[in-house]
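Down below is the structure, laid out as structure tokens.
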Amino acid sequence: MEVAYQYKPIFFGTLFKPMLIRKDAAMYVRDDRDLTQIYNPAPTVTAATC
């Protein structure tokens with residue numbers, strides 16, 4: 001994922017010049033999860049019957 005923003009200062013324009021702010025990030029795709037059981041059963045709760 002990449003986000004880019006063209007920054008233009010409102011105040012102190014003489015001190016800070018317009019610049020491009022960019023941030024890259026990567027996320028792990030969780031396709032290999034085991035969803036066959038609940039691994040953290042505590043704290044247990046009573047199932048709703050309504």
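Values below: all heavy atoms of this structure, side chains included; hydrogens, waters and symmetry mates excluded.
- Criterion: ILVMFWY side-chain heavy atoms under 4.5 Å apart, direct or through other members. Under it, M19 and I10 are not part of a common hydrophobic cluster.
- Considering only residues two or more places apart in sequence or on other chains, F11 meets the side-chain contact (heavy atoms from CB on, under 4.5 Å) condition with none of them.
- Between E2 and R22 there is a side-chain heavy-atom pair separated by less than 4.5 Å.
- In terms of heavy atoms, P18 sits closest to K8 at CB-CG, 4.4 Å.
- A pairwise comparison of heavy atoms in I21 and Y7 identifies CD1-CB, 3.8 Å as the closest pair.
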